[in-house]
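Data block below; observations after.
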Amino acid sequence: MGDATVTTLEGREPAAASPVEEAAATGRLRRLRAPRRPRLWFEILLIAVSYATYSLVRNAVPEQRAEALRNADLIWRLEGQLGAAFEESVNHAVNSVTWLVVGMNYYYATLHFVVTLGVLVWLYRRHPGRYAATRLVLFVTTGFALVGFYLFPLAPPRLMNGQNFIDTVLVHQTWGSMASGDMKNVSNQYAAMPSMHIGWSLWCGLTLFALASVPWVRVLGLVYPVLTLVVIVATANHFWLDAVGGVLCLAVGYGVAHAWYGRRPSALPRHLPEPAAPAAPEHVPLQKQP
């Protein structure tokens, strides 16, 4: 009998993926990244669960008071070195006008949620093809903010020691704030960096400016985050550097959405194509048996 031939696997290169397999993988990735028609029940559930998670995580961050106050002093000194520590002057000037400061207190307590939800609903109804990508920007922005709350606890100006900031909600007994009075016991007081009032309002403003067709709505989109910046400073709830942190988180959100969808959200098609109807089965006549 002849010698048996033994074939070893040493030195053998792994088989490369066939063009068919590569095409199938590319197709699956393309379908995964393609915008889908949003479903109302899923969006309501997703927003509710996401906000509940955001509130739970934000308020579960250890309230490290001493570190938060040290960080506030650090921010205040940094702004002073930059020649831009103007928050106290704005706070006192606005507090002297009762109707104005009370209006700002209600603005701070309510519009943060109302406008953001309103823009989401508007996107869902009028721009379904851009909804998922724009919503992704908001979710990523908020996720990075939670990291900031954990890594850099920060006391707002109104809670600083040795400064003369006025807690406008407490002084004017304004309803609705989670930051002062009895409600402060159920809300983390040291989650000021980054400011999601700025992150969310700028998201709303840029979305309206990019997608709205009515000129005054586009202008209002640009004005809204500017007014929000004035409000968060005047009510002593944030330093202006907190707003910078919110802008940076939003930039990360837009970067992630652009990387995933291959373009900015506003450049996606406004409407999604209607799903193709299934083709009717072809009728084949029966042939008579010979």
Side-chain angles (χ1 to χ4, degrees), residues 54-55 57-80 82 84-95 100-113 141-142 144-202 225-250:
Y54 166 76
S55 299
V57 174
R58 179 183 185 275
N59 295 332
V61 173
E63 294 199 12
Q64 300 166 326
R65 182 175 184 274
E67 184 178 356
L69 290 172
R70 285 196 301 269
N71 289 336
D73 291 335
L74 174 65
I75 293 291
W76 187 237
R77 287 196 304 270
L78 176 59
E79 290 188 350
L82 294 173
F86 52 77
E87 289 91 341
E88 188 173 305
S89 299
V90 175
N91 175 235
H92 282 258
V94 172
N95 187 69
L100 180 59
V101 71
V102 170
M104 287 189 172
N105 287 339
Y106 284 120
Y107 181 114
Y108 184 87
T110 60
L111 292 192
H112 180 48
F113 308 105
T141 299
T142 305
F144 270 81
L146 292 175
V147 176
F149 298 154
Y150 185 85
L151 296 179
F152 194 78
L154 179 67
R158 59 186 173 76
L159 293 182
M160 290 181 68
N161 294 326
Q163 301 300 327
N164 196 27
F165 285 100
I166 300 170
D167 188 334
T168 60
V169 169
L170 191 61
V171 169
H172 297 278
Q173 299 181 346
T174 307
W175 168 86
S177 175
M178 296 291 289
S180 299
D182 295 334
M183 297 301 292
K184 68 183 180 181
N185 296 322
V186 297
S187 177
N188 182 8
Q189 299 296 288
Y190 305 114
M193 172 63 84
S195 168
M196 280 297 91
H197 274 77
I198 292 299
W200 289 9
S201 67
L202 187 57
V226 177
L227 286 178
T228 302
L229 176 61
V230 175
V231 167
I232 67 172
V233 170
T235 56
N237 280 294
H238 287 282
F239 299 97
W240 67 264
L241 279 176
D242 300 344
V244 175
V247 172
L248 292 177
C249 287
L250 183 65

- Message: Taking the side chain as everything from C-beta on, heavy atoms only, tell me whether Tyr190 gets closer than 4.5 Å to Glu67.
- Response: no
- Check Phe239 against Glu79 and note the closest heavy-atom contact, atom names and distance. CB-OE2, 3.4 Å
- CD-CZ distance between Glu88 and Phe165, expressed to the nearest 0.5 angstrom: 5.0 Å
- Sub-4.5 Å side-chain heavy-atom contact between Met104 and His172: no
- Task: Taking all heavy atoms of Asn91 and all of Ile166, pick out the closest pair and write down the distance.
- Result: OD1-N, 2.7 Å
- Distance from Leu69 atom CG to Leu159 atom CG, nearest 0.5 Å? 7.5 Å
- Item | Reported CG-to-CG distance for the pair Asn71 and Leu78, which is rounded to 0.5 angstrom | 12.0 Å
- CZ-CG distance between Arg77 and Leu82, expressed to the nearest 0.5 angstrom: 13.0 Å
- Using a 4.5 Å cut-off on heavy atoms from C-beta on, say whether the side chain of Val169 contacts that of Thr235. no
- Query: Going through the checks in order, is the side-chain contact (heavy atoms from CB on, under 4.5 Å) test met by Phe144 and Leu248?
  - Reply: CA-CA 9 Å; Phe144 270 81; Leu248 292 177; over 6 Å; no
- Query: Would you say the side-chain atoms of Trp200 and Thr141 include a donor-acceptor pair closer than 3.5 Å?
  - Reply: no
- Side-chain heavy atoms of Val171 within contact of Thr168, under 4.5 Å: no
- Query: Of the non-hydrogen atoms in Pro156 and Ala236, which two are nearest, and what is the gap between them?
  - Reply: CB-O, 3.9 Å
- Closest heavy-atom pair and its distance - Pro194, Gly148: CD-CA, 4.1 Å
- Steps toward side-chain contact (heavy atoms from CB on, under 4.5 Å) verdict (Val247, Leu202): CA-CA 8 Å; Val247 172; Leu202 187 57; 3.9 Å; yes
- Task: Spell out, as yes or no, whether a donor-acceptor pair under 3.5 Å connects the side chain of Trp76 to the backbone of Gln163.
- Result: no
- Nearest heavy-atom approach of Ile232 to Ala243 is CD1-CB, 4.4 Å
- Query: Heavy-atom distance under 4.5 Å between the side chains of Tyr150 and Leu146, does that happen here?
  - Reply: no
- Should the ring pair His238 and His197 be called parallel, tilted or perpendicular, given that the plane angle runs from 0 to 90° and is split at 30 and 60? tilted
- Gap separating the CE atom of Met196 from the CG atom of Asp242, nearest 0.5 angstrom: 10.5 Å
- Query: Between Ala191 and Phe149, which heavy-atom pair has the shortest distance, and what is it?
  - Reply: O-CE2, 3.5 Å
- Task: Could you give me the CA-CA distance, side-chain angles and deciding distance for Val244 and Leu241, then say whether side-chain contact (heavy atoms from CB on, under 4.5 Å) is met?
- Result: CA-CA 5 Å; Val244 175; Leu241 279 176; 4.2 Å; yes
- In Å and rounded to the nearest 0.5 Å, what is the CG to CD distance from Leu154 to Gln189? 12.0 Å
